[in-house]
Colleague: 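I have a structure here, written as structure tokens, and I will follow up with some questions on it.
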There are 2 protein chains.
Amino acid sequence: MSQMQQVETQLRDMILGLDLGPGERLTERWIEARFGASRTPVRAALLRLETEGLVRRDGRNWIVSPIDLAELEQLSVYRQVIEVAAVRITCALADRSGVDVVEALLLSCDGETSREDWHRAGMDFHIELARLSGNDFLHRGVRDAMTRLARARWLEVRDEGARDRAWAEHHAIVAAVRAGHADEAASLVAGHIQGSRSRLLSSLREERRGLRARGFAVVAA
Amino acid sequence: MSQMQQVETQLRDMILGLDLGPGERLTERWIEARFGASRTPVRAALLRLETEGLVRRDGRNWIVSPIDLAELEQLSVYRQVIEVAAVRITCALADRSGVDVVEALLLSCDGETSREDWHRAGMDFHIELARLSGNDFLHRGVRDAMTRLARARWLEVRDEGARDRAWAEHHAIVAAVRAGHADEAASLVAGHIQGSRSRLLSSLREERRGLRARGFAVVAA
DNA sequence: GCGTCCATCTTGGTATCCCAAAATCGGATA
DNA sequence: TATCCGATTTTGGGATACCAAGATGGACGC
């Protein structure tokens, strides 16, 4: 694997894992030293992460993208649009056997599963579900949206109840898709995303002070 | 304007204007010489154009992205999903005065207008229409999709009838959005995109031999 | 004539160097 | 002590040097 890809993935992991706080300044030279690469791959990685929305420019400088509540709201609307469209397309397919793979993602989580793995499986569920549509743009759209949402979801305070409810909704979606019930699947997906959105945003709005105190830039809606 | 941005925009214009044929190989050193910049800005430009889908890697090399009929088909589905969603959102807004700007785009074209300007106005209509929704992700999604479609639309053989019909459909969409008739606007947009898609694809499929003869890589569906 | 193999050239990947602009820090001054 | 100003450092943008891997091509052997 080339150094550029190494820098890119490691930096992405640090950002998504909140090792680098939202709003934190990044210097090319710090990254260079941190990962033992030269500036060329570092700059390439930053350019790619910029298009993913994980990093952005602040004047001449680089910063880790702040958490922007308005952006999260728009993102949820976008997700709702494309995920609903994706399941509708999937329901219209003759071969929907791919749902098994998606269901396996759900079944892989139980009481022993770490918080990290729940988090990842939650993202992958939506990404893989969209992939079943066979439309790369819907798939990539969901993937990009989930990437941008990842840090916020990590920050969200979730009770176990919410997690179990989300998992139940995921199962219901799988069942509807498997049965090919497009309208039902669409409304389940829409409702699920709507619910995630309101929980996420209200949680973040409550937590906002505490997060800023931790040095995390959280931009209001 | 920085050199990187110059290289990026000029290279993009050459690709979209078909001065660089689909499938053509690009070497960093050729671009460097062509634009009088060094490899640093050249590489940055290539990385950004890669995320726009205008350029891609072929092994270790760079090539101008071929025209991929399967991709165009998926792209049209994606467009349909997000553009319909965008006009529905716009129709639900209290203030829809932004449609005037979009309508002005249509009115700026007449018999004297060059083919280039018609082409650009056709793209901008859809992009600006999506922007009215106020959702950045829908807006960017449409912008990216139109960028990827641009070369194919350029290649399409269009009679003046098709162009006028498209313009009439655009006007109808504007009227429906202004009146706030969401369902009507949605079905007009869906129909318009559907029609564009079938005309575009059938035209390209017919032209495919000729295009390949001109050295343009056209990948089948 | 044809295929194979080795020298050579080209290419992208990486490291490093230079530069101009911006930020920073210290000291002089009011 | 507060403030202003300039020297110094730091930063990103750009240019260039170097390298390894892959492509190319021509000579040699069959």
Side-chain angles (χ1 to χ4, degrees), chain A residues 1-16 19-66 68 212 215-217 219, chain B residues 1-16 19-66 68 212 215-217 219:
Chain A
M1 184 190 253
S2 71
Q3 294 207 29
M4 186 230 108
Q5 289 173 28
Q6 271 190 44
V7 173
E8 182 186 337
T9 51
Q10 290 187 34
L11 200 51
R12 186 190 295 108
D13 287 346
M14 287 188 75
I15 293 173
L16 293 180
D19 299 319
L20 297 169
E24 189 167 331
R25 178 161 179 207
L26 290 174
T27 71
E28 296 182 354
R29 274 148 166 130
W30 179 85
I31 301 169
E32 179 184 4
R34 176 70 175 70
F35 296 105
S38 75
R39 289 180 67 204
T40 310
V42 167
R43 300 193 67 202
L46 285 170
L47 283 172
R48 311 190 121 243
L49 291 176
E50 185 186 20
T51 71
E52 294 183 34
L54 297 183
V55 136
R56 81 172 54 153
R57 309 199 100 94
D58 177 36
R60 221 173 53 123
N61 303 320
W62 292 101
I63 61 170
V64 178
S65 293
D68 182 333
R212 302 198 94 151
F216 291 172
V219 180
Chain B
M1 186 191 252
S2 71
Q3 292 204 31
M4 185 233 107
Q5 289 174 25
Q6 269 191 41
V7 173
E8 182 186 337
T9 51
Q10 291 187 33
L11 200 52
R12 184 190 295 109
D13 287 346
M14 287 187 75
I15 293 173
L16 292 181
D19 299 317
L20 296 170
E24 189 166 331
R25 177 160 180 209
L26 290 174
T27 71
E28 297 183 353
R29 267 133 173 144
W30 178 84
I31 301 169
E32 182 184 2
R34 176 70 175 72
F35 297 105
S38 75
R39 290 178 65 205
T40 309
V42 167
R43 300 196 75 214
L46 285 170
L47 283 172
R48 310 188 124 247
L49 292 175
E50 185 185 22
T51 71
E52 294 182 37
L54 297 182
V55 136
R56 80 170 56 150
R57 306 198 106 94
D58 177 35
R60 224 172 51 124
N61 302 321
W62 292 102
I63 60 170
V64 179
S65 293
D68 182 334
R212 302 199 95 150
F216 292 171
V219 180

Colleague: Taking all atoms of both residues into account, what is the closest heavy-atom pair of A/I31 and A/L26, and its distance?
Modeller: CD1-CB, 4.4 Å
Colleague: Report yes if at least one side-chain N or O of B/R39 is closer than 4.0 Å to OP1 or OP2 of C/dG12; otherwise report no.
Modeller: no
Colleague: C/dG12 C1' sits how many Å from B/D58 CG, rounded?
Modeller: 13 Å
Colleague: Go through DNA chain D in 5' to 3' direction and return only the first and the last nucleotide with some atom under 4.0 Å of chain A's heavy atoms.
Modeller: D/dT11 to D/dG14
Colleague: Taking salt bridge (Lys or Arg N to Asp or Glu O under 4.0 Å) as the cut-off, I'd like each qualifying pair that reaches into residues 29-38 of chain B, sequence neighbours left out, listed once.
Modeller: none
Colleague: Could you check how far CD1 of B/I31 sits from C1' of C/dG12, rounded to whole Å?
Modeller: 12 Å
Colleague: Round to the nearest Å and state the distance from B/E28 atom CD to C/dG12 atom C1'.
Modeller: 5 Å
Colleague: Is there a side-chain contact between B/R57 and the phosphate of C/dG13, meaning an N or O under 4.0 Å from OP1 or OP2?
Modeller: yes
Colleague: Both A/N61 and B/E32 contact DNA chain D. Which one's nearest nucleotide lies toward the 5' end?
Modeller: A/N61
Colleague: Grab the CH2-C1' distance between A/W62 and C/dA22 for me, whole Å please.
Modeller: 17 Å
Colleague: What I'd like to find out is whether the side chain of B/L11 reaches to under 4.5 Å of the side chain of B/L54, using heavy atoms alone.
Modeller: no
Colleague: Determine, for A/E8 against A/R12, whether the closest basic-nitrogen to carboxylate-oxygen distance falls under 4.0 angstrom.
Modeller: yes
Colleague: Where each residue is assigned the nucleotide of DNA chain D containing its nearest heavy atom, which of B/R25 and B/A37 is assigned the position nearer the 5′ end?
Modeller: B/A37
Colleague: Let me know, please, whether B/T40 or B/T27 comes out on the 5' side of the other along DNA chain C by nearest nucleotide.
Modeller: B/T27
Colleague: Using every non-hydrogen atom in the two residues, find where B/V219 and B/P66 come nearest and quote the distance to one decimal.
Modeller: CG2-CB, 4.0 Å
Colleague: Give one of base, sugar-phosphate or nothing for A/L26, where a contact means two heavy atoms less than 4.0 Å apart.
Modeller: sugar-phosphate
Colleague: Can you give me the closest heavy-atom contact between B/R48 and A/L47, atom names plus distance?
Modeller: NE-CD2, 3.6 Å
